[in-house]
2 protein chains.
Amino acid sequence: MPDETQLFDAVARVMARQPGSSMQEIATAAGISRTTLHRAFGDRETLVETLTAHVLADCERAFDAAGIDHDDPQQAFDRLLDDALTLAKAYSLLFSEPHIHRVPRLVDEIAEQETRLARFFERGQRAGQFRPELPPQWLAYSVGAQLEAIWWAIEDGHVGARDAARLLRATILGGIAVRS
Amino acid sequence: MPDETQLFDAVARVMARQPGSSMQEIATAAGISRTTLHRAFGDRETLVETLTAHVLADCERAFDAAGIDHDDPQQAFDRLLDDALTLAKAYSLLFSEPHIHRVPRLVDEIAEQETRLARFFERGQRAGQFRPELPPQWLAYSVGAQLEAIWWAIEDGHVGARDAARLLRATILGGIAVRS
DNA sequence: AGCAGGTGGAACAAAAATGTTTCAAGCGGG
DNA sequence: CCCGCTTGAAACATTTTTGTTCCACCTGCT
């Protein structure tokens with residue numbers, strides 16, 4: 001019986017990595033019984049909604065902490081990468097359960113955060129720090145995908161968690177090509 | 001009743017974007033009846049295995065066509081991006097259905113292609129074209145994730161399909177930061 | 001020892017998904 | 001027109017999942 005934070009984390013992990021898992025599989029992966037899972041979260045829809053709201057709040061906190069709305073874009077981006085795994089887990093979850101996208105409240109919240117991130121990149125472009133020829137929406141998708149990728153790479157044992165922020169920073173900001 | 005290529009594509013799309021869909025939902029999204037879906041692919045496990053083998057073959061062909069094993073890495077990479085959507089659909093599917101990872105034949109094939117891509121980046125690093133301080137495995141994950149991302153961005157209407165290769169090339173090779 | 005609280009196993013009914021068969025309807029080629 | 005082929009709707013038995021209830025067990029506390 002892990003504490004609540006670990007429980008959220010374990011449940012989110014299995015739902016993200018093994019979409020379509022049954023309540024039994026989720027419970028087992030989280031190290032609790034199906035009975036306790038139901039007691040803690042109610043039915044499946046409630047579980048999904050609770051978990052989604054939870055990770056969206058994590059995202060919002062990370063965005064706030066990084067200061068993506070007002071602070072210097074370059075520095076805000078660096079701080080954002082410190083919460084890479086938080087964001088990665090959130091993003092991975094959002095597309096694992098179709099039910100999420102049938103809840104207007106969550107759909108709106110997701111769209112809002114997507115816009116917020118795109119606006120951040122747009123601001124960085126105006127500040128001359130991000131390349132202006134790349135659509136901000138695409139930057140949001142690209143960066144989001146790489147946040148997920150680093151999490152997967154860590155879980156698969158290819159990358160150490162300590163290297164995450166450094167690799168992300170190097171790859172996202174500088175690209176993979178050697179500068180000529 | 002779409003032709004077989006379109007059918008594969010439609011089924012793969014719904015399984016990738018709405019993991020955990022029922023056979024009914026898959027069939028409806030593909031524009032056919034559940035009866036026909038079963039007639040065409042057999043049971044669910046067979047469907048998953050057939051589809052996975054199919055997209056893996058697509059990947060292999062794209063890798064071959066791009067010449068990632070022997071040709072100049074820079075040029076091979078450009079050619080790889082021409083098949084971005086093929087690879088994107090494949091990758092999206094691979095992690096949508098847990099059953100895939102319980103079939104040794106598919107697990108081996110996936111691992112092999114992952115290794116092949118990582119070796120490509122390693123070769124490009126030795127050729128002085130990709131940054132040597134980034135682990136090749138991470139490059140494979142990062143690029144794979146961005147291939148998926150561009151597909152999502154296109155499906156969501158944020159990016160035109162014609163811009164895909166250009167945006168990917170600019171973002172992956174050069175990064176998002178303005179060169180100082 | 002006794003008690004309160006949380007936990008998981010078992011059992012259960014209800015609901016959903018699955019896989020199959022049957023049959024009528026549509027479509028294209030002869 | 002008629003035949004062969006494919007499709008999809010309906011029905012179905014079966015299996016799986018789901019949500020709930022009950023109860024025994026364990027743990028921590030007094």
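Heavy atoms only: backbone and side chains are in, while hydrogens, waters and symmetry mates are out. Proteins get letters first, then strands, A, B, ... in listed order; numbering begins at 1 in each.
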Could you encode protein contacts along nucleotides 19-25 of chain C as a string, one character per nucleotide from 5' to 3', using B for base contact, S for sugar-phosphate-only contact and - for no contact, with a heavy-atom cut-off of under 4.0 Å? BBB----
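- Side-chain contact between B/Asp156 and A/Tyr141: present, with at least one pair of heavy atoms (C-beta onward) separated by less than 4.5 Å.
- Within the 4.0 Å cut-off from OP1 or OP2 of D/dG8, at least one side-chain nitrogen or oxygen of B/Thr36 is found.
- Every residue meeting the side chain to side chain contact (heavy atoms under 4.5 Å, CB included) condition with B/Arg169, not counting sequence neighbours, appears here in chain and number order: B/Gln74, B/Asp78, B/Leu81, B/Leu173.
- For the pair A/Phe121 and A/Gln137, the minimum side-chain heavy-atom distance is 4.5 Å or more.
- B/Ile32 places its CD1 atom 20 Å from the P atom of C/dG26, with the value rounded to the nearest Å.
- Under the 4.5 Å side-chain heavy-atom criterion for ILVMFWY residues, a single connected hydrophobic cluster contains both B/Leu94 and B/Leu85.
- The side chain to side chain contact (heavy atoms under 4.5 Å, CB included) check on A/His54 picks up A/Phe8, A/Asp58, with sequence neighbours excluded.
- For the pair A/Met23 and A/Leu47, the minimum side-chain heavy-atom distance is below 4.5 Å.
- Consecutive Watson-Crick or G-U pairing (both distances under 3.5 Å) extending over three or more pairs maps onto DNA chain D as C:1-30 with D:1-30.
- As a whole-Å value, the separation of B/His99 NE2 from D/dT16 P is 14 Å.
- Computed from coordinates, the A/Phe41 CZ to D/dT18 P distance equals 15 Å when rounded to whole Å.
- For B/Ala10, the side chain to side chain contact (heavy atoms under 4.5 Å, CB included) partners at least two apart in sequence or on another chain are B/Ala30.
- By the side chain to side chain contact (heavy atoms under 4.5 Å, CB included) test, B/Glu109 is found to be paired with B/Leu56, B/Glu60, B/Glu112, B/Gln113, residues two or more places apart in sequence or in another chain being considered.
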